[in-house]
Amino acid sequence: MPATAPIAPPIAEKRAHSFSHHGITVEDPYAWLRDAGYPNVADQEILDHLKAENAWFETRMKPFEGLIDTLFAEMRGRIKEDDSSVPTKDGDWYYWVEYEAGAQYKQWWRKPAAGGRDGTEGKQLMLDESVLAEGHEYFKLGSFSVSQDGTKLAYSVDTNGSERFEAKFKDLATGEILPDTIPGTLGSLVWVAGDTGVVYSLANENWRTDNARLHWLGKPLSDDVELFHEDDEGFRVGSSLSSDEKWLLIGTSDHETSEVRMVPAADPLAEPILVKPRKTGVEYDIDVAGDDVYVHANDDHINFRLARAKLSAPGDWETVIAGSDEFYLTGFELFKDFFVTEGRLQGLDQVQLRSYDTPTEFEAIAFPEASYTASLGNNPEYDTQLLQLGYFSMVTPSTVFEYDPKAKTLETLKVQEIPSGYDASQYRTERVMITARDGTEVPVSLMMRSDTPMDGSAPLHLYAYGAYGIAMTPYFSTGRLSLVDRGFIYAVAQIRGGDDLGRQWYLDGKLTKRTNTFNDFVDVANGLIAKGYSAKGRITASGGSAGGELMGAIVNSDPDLWGAVVAQVPFVDVLNTMLDASLPLTPGEWPEWGNPIEDKAAFELIRSYSPYDQVAAKDYPPMLVTGGLNDPRVTYWEPTKWVARLREMKTDDNELLLKMNMGAGHGGKSGRFEGLREVAEEYAFLLWQLGMAERA
């Protein structure tokens with residue numbers, strides 16, 4: 001708290017600024033809040049404004065410090081302090097991570113495989129994130145990659161939230177940090193050439209990975225070789241190894257088109273083999289088994305097929321598993337004696353085991369609940385007879401299973417422990433379908449206490465994302481219990497824009513169909529009211545990033561529907577961002593949102609829903625908005641400008657708070673506990689606005 005608490009919210013000065021495209025002039029009086037020197041934000045006037053917003057946030061939330069502390073204590077009490085993951089075998093070692101009691105960050109461990117999964121002899125601490133994080137307000141580990149011979153470690157760190165990672169190397173036998181350092185990386189670190197080299201990508205000045213580079217361990221960076229350069233500014237480059245670790249795979253893609261090159265991992269300077277030239281709208285990814293290239297592609301069916309080709313002609317694809325209107329094939333993984341396909345059937349996850357000899361036949365692993373999320377876990381060994389699976393539902397904590405394909409048995413290896421206690425029988429979950437205004441049936445997963453009244457009196461929190469084809473399958477959250485135990489129904493809406501019900505579900509929420517996403521969310525809220533789950537003004541809502549854009553759209557379209565809204569790092573200045581090709585993400589985002597620079601129709605459509613541009617003189621619900629000063633994905637000025645315009649235009653006296661993390665990026669504060677405090681603040685705000693909070 002400042003020495004003198006502010007008595008009114010900060011009001012940003014309006015400064016004349018406008019721009020014109022396609023004969024249309026747009027006024028933007030808060031454009032000055034973008035520092036011209038970004039990503040270095042040094043303009044004192046801007047920094048002072050952000051500090052004033054934070055001071056106002058602290059002032060308004062101060063009466064609820066006790067509630068925040070209570071919520072935080074509840075959430076922390078549900079996290080096992082001295083936790084560890086299930087050890088996973090990879091070659092001669094078992095690998096796992098641990099948390100020490102009270103630690104914010106992980107420790108990375110391994111032990112010789114000869115001692116078995118449960119043995120403790122020969123334990124070796126490879127990396128301690130808490131040590132690396134000392135002295136930093138923010139810390140995030142990026143890539144973590146052990147060499148194939150198990151003797152060296154490549155890892156990368158970000159200490160300010162800008163997502164520009166510094167790669168480092170460690171000798172695991174001696175513990176020595178090697179002198180090699182690669183600043184400004186983004187993405188994976190891939191060992192090649194008998195563990196003498198590492199392939200990485202640099203983030204260019206616009207935070208785009210347009211390259212794959214080779215670093216020879218022990219040699220200066222000036223000797224590094226660019227293996228591939230991407231000339232299309234909308235594409236991003238990434239590298240990985242095939243499942244058998246014999247091939248380096250260099251992929252480049254945007255949101256609708258992809259292309260892959262193959263290079264022998266033992267000879268990374270060999271001429272890359274282009275699998276198939278890019279074709280707009282065709283996405284594919286590959287893996288290799290023996291002499292065969294397997295391809296997951298949407299070239300002849302929207303829900304993808306699995307094809308196969310010979311290494312000698314990797315672009316000649318022959319269908320192995322045909323695309324299906326019913327089954328959405330999301331991916332596959334190859335093993336020595338079998339392979340696995342993953343996807344969704346009517347929105348529910350499927351994990352299917354298949355034989356190379358009869359690939360159209362499969363065994364779908366059966367899971368214990370009717371609504372759940374399941375996927376392959378960490379299975380690094382190509383030659384394996386057992387599979388780790390991850391599983392959870394709205395009421396079932398995170399579970400690790402081990403599946404034996406021969407015995408067809410599913411063994412539980414670990415269930416997320418909740419130290420403060422959790423009795424699943426006290427809760428129930430439902431999956432309902434809500435009819436949107438155009439007749440589309442939208443799935444919604446709900447969780448509530450068993451004794452929650454179903455007469456419309458319960459408060460309800462509605463969450464969604466709805467972009468980039470990212471599905472919101474039913475998931476478990478310990479933090480969520482702090483709302484549910486106070487009588488909330490918690491609902492996750494699988495709105496269009498995600499790929500929950502197949503690839504068409506995603507396409508029906510992007511580009512010219514973007515408004516379906518916003519309409520679905522509003523229609524789900526109204527549908528849940530009609531079904532008696534809650535009532536108008538008793539529904540709170542939240543979403544982050546593109547989900548924050550969703551929040552901006554729904555408070556503009558239906559402000560009186562919501563009791564309170566939290567918009568986390570919201571993408572709300574959509575028109576300005578899509579018009580600025582110099583920003584880190586913009587060119588790569590045009591396939592998702594449209595290109596308003598070249599396309600007048602795209603300009604007009606984006607302007608028609610861009611939350612910042614559509615703020616009007618009317619009442620808005622109570623709102624908490626968050627941002628990160630170092631965020632390269634949603635730049636800090638987007639939420640800042642939006643809040644400034646809302647303060648100017650709105651006609652109500654409802655709360656409007658902006659919290660700007662001055663030392664963090666897109667994900668908020670780092671560390672497993674610091675992030676919980678931010679969730680506690682958001683929940684306290686929601687409870688306050690619904691009249692369910694005790695003041696300190």
- request: Search all heavy atoms of A493 against all heavy atoms of L462 and return the closest pair with its distance.
  value: CB-CD1, 4.0 Å
query: With a 4.5 Å limit on heavy-atom distance, are the side chains of V146 and Y95 in contact?
result: yes
message: Taking the cut-offs as 6.0 angstrom to the six-membered ring centre and 45 degrees off its axis, would you call K106 and W96 a cation-pi pair?
response: no
task: Give a yes or no on whether K80 atom NZ has more than 12 heavy-atom contacts from other residues, nucleotides or ligands under 6.0 Å away.
output: yes
N/O donor-acceptor pairs under 3.5 Å from side chains in residues 409-422, not counting sequence neighbours:
from	atom 1	to	atom 2	distance (Å)
K414	NZ	D83	OD1	3.0
K414	NZ	S84	O	3.1
Q416	OE1	S398	N	3.1
S420	OG	G77	O	3.3
Y422	OH	V395	O	2.5

message: Among residues at least two apart in sequence or on other chains, which ones pass side-chain hydrogen bond (donor to acceptor under 3.5 Å, both in side chains) with T435?
response: E441
- request: Taking only Lys NZ, Arg NE, NH1 and NH2, and the carboxylate oxygens of Asp or Glu, determine whether R76 and E81 approach each other closer than 4.0 Å.
  value: yes
- line: The complete set of salt bridge (charged side-chain N to carboxylate O under 4.0 Å, His left out) pairs with one or both residues in residues 473-488, sequence neighbours excluded, reads E74-R486, R449-D485
query: Do side-chain atoms of W505 reach the backbone of Q494 as a donor and acceptor pair under 3.5 angstrom?
result: yes
Shortest non-hydrogen contact from F521 toward I495: N-CG2, 3.9 Å
message: Whether the side chain of T319 engages the backbone of A322 through a donor-acceptor N/O pair (distance < 3.5 Å, no angle test) should be reported.
response: no
Expected output: side-chain R110 to main-chain G150 donor-acceptor under 3.5 Å: yes
Check against side-chain contact (heavy atoms from CB on, under 4.5 Å), L248 and V190: CA-CA 8 Å; L248 170 68; V190 183; 4.0 Å; yes
message: I need the L687 CG to L71 CG distance, nearest 0.5 Å.
response: 6.0 Å
message: Does K123 qualify as a cation-pi partner of W109, given the criterion of NZ or CZ under 6.0 Å from the six-membered ring centre and within 45 degrees of its axis?
response: yes
Under 3.5 Å donor-acceptor, Y284 side chain and V260 backbone: yes
field: Test of ring centre spacing under 6.0 Å for F401 and Y391
entry: yes
field: Test: R344 and D500 ion pair at under 4.0 Å
entry: no
- prompt: Given side chains that start at C-beta, do those of L172 and Q124 come closer than 4.5 Å, heavy atoms only?
  reply: yes
query: Is a side-chain donor or acceptor of S242 paired with a backbone partner of W247 at a separation under 3.5 angstrom?
result: yes
query: Does a donor on one side chain sit under 3.5 Å from an acceptor on the other, for W108 and E129?
result: yes
message: For a quick check under 3.5 Å, do Q388 and N378 share a side-chain donor-acceptor pair by atom type?
response: no
- prompt: Any side-chain heavy atom of T540 sitting closer than 4.5 Å to one from L460?
  reply: no
field: All pairs passing ring-ring contact (aromatic ring centres under 6.0 Å, His included) where residues 328-347 contributes a residue, at least two apart
entry: Y294-F339, F335-F338, F339-Y356
- line: Taking every heavy atom of D118 against every heavy atom of K111, the minimum-distance pair comes out as C-NZ, 3.9 Å
message: Under a 3.5 Å distance rule, please check whether D90 uses its side chain to pair with a backbone N or O of T88 as donor and acceptor.
response: no
field: Considering all heavy atoms, the nearest S143-G187 contact
entry: CB-O, 3.7 Å
field: Sequence neighbours excluded, every pair satisfying salt bridge (charged side-chain N to carboxylate O under 4.0 Å, His left out) that has a member inside residues 331-343
entry: none
- prompt: Looking at side-chain heavy atoms only, is the closest gap between L446 and M448 below 4.5 Å?
  reply: yes
- prompt: With a 4.5 Å heavy-atom cut-off, do L353 and F362 have their side chains touching?
  reply: no
message: Between D158 and K140 (salt bridge meaning N to carboxylate O under 4.0 Å), is one present in this structure?
response: no
field: I539 side, atom CD1; I554 side, atom CD1 - distance, nearest 0.5 Å
entry: 10.0 Å
message: So, using side-chain hydrogen bond (donor to acceptor under 3.5 Å, both in side chains) as the criterion, who are the partners of R78 when residues are at least two apart?
response: S482
task: Look up atom CZ in R538 and atom CG in L528, then write down how far apart they are to the nearest 0.5 Å.
output: 15.0 Å
Derivation and outcome, salt bridge (charged side-chain N to carboxylate O under 4.0 Å, His left out), residues R305 and D300: CA-CA 7 Å; R305 65 166 169 157; D300 75 348; 3.6 Å; yes
Inter-residue atom distance L348.CG - Y372.OH, 0.5 Å rounding: 5.5 Å
Pairs flagged by salt bridge (charged side-chain N to carboxylate O under 4.0 Å, His left out) wherever residues 517-528 is involved - sequence neighbours left out: R437-D523, R496-D520
message: Over 60° means perpendicular and under 30° means parallel, so tell me whether F139 and Y105 are parallel, tilted or perpendicular.
response: perpendicular
- prompt: Sub-3.5 Å donor-acceptor pair from the side chain of S450 to the main-chain atoms of Q426, do we have one?
  reply: yes
query: Is the closest side-chain heavy-atom distance between L127 and L153 below 4.5 Å?
result: yes
message: Quick check against the 3.5 Å criterion: does N303 have a side-chain atom that pairs as donor or acceptor with the backbone of R503?
response: yes
Reported OG-to-OH distance for the pair S542 and Y683, which is rounded to 0.5 angstrom: 7.0 Å
message: Under the salt bridge (charged side-chain N to carboxylate O under 4.0 Å, His left out) definition, can you give me all pairs with a residue in residues 367-387, not counting sequence neighbours?
response: K89-E381
- prompt: Do other residues, nucleotides or ligands put more than 12 heavy atoms under 6.0 Å from the CD atom of E430?
  reply: yes
task: Could you check if a side-chain atom of L306 sits within less than 4.5 angstrom of a side-chain atom of L329, using non-hydrogen atoms only?
output: yes
Partners meeting side chain to side chain contact (heavy atoms under 4.5 Å, CB included) with I79 (sequence neighbours left out): R672, F673, L676
Sequence-distant partners of S258, side-chain hydrogen bond (donor to acceptor under 3.5 Å, both in side chains), two or more places apart: none
field: Test item: S545 side-chain N/O and G547 main-chain N/O as donor-acceptor pair under 3.5 Å
entry: no
task: Consider only side-chain N and O atoms of H296 and D287, and report whether a donor and an acceptor are under 3.5 Å apart.
output: no
- request: Under the side chain to side chain contact (heavy atoms under 4.5 Å, CB included) rule, collect the residues that match up with A458, sequence neighbours excluded.
  value: T452, I489
message: Check this for me: does any side-chain nitrogen of one of R677 and E682 sit under 4.0 Å from a carboxylate oxygen of the other?
response: no
statement: Sorted by chain and number, sequence neighbours left out, side-chain hydrogen bond (donor to acceptor under 3.5 Å, both in side chains) with D404 holds for none
- prompt: Are the side chains of N298 and F304 in touch, meaning some heavy atoms are under 4.5 Å apart?
  reply: yes
query: Any donor-acceptor pair under 3.5 Å linking the side chain of W317 with the backbone of V295?
result: no
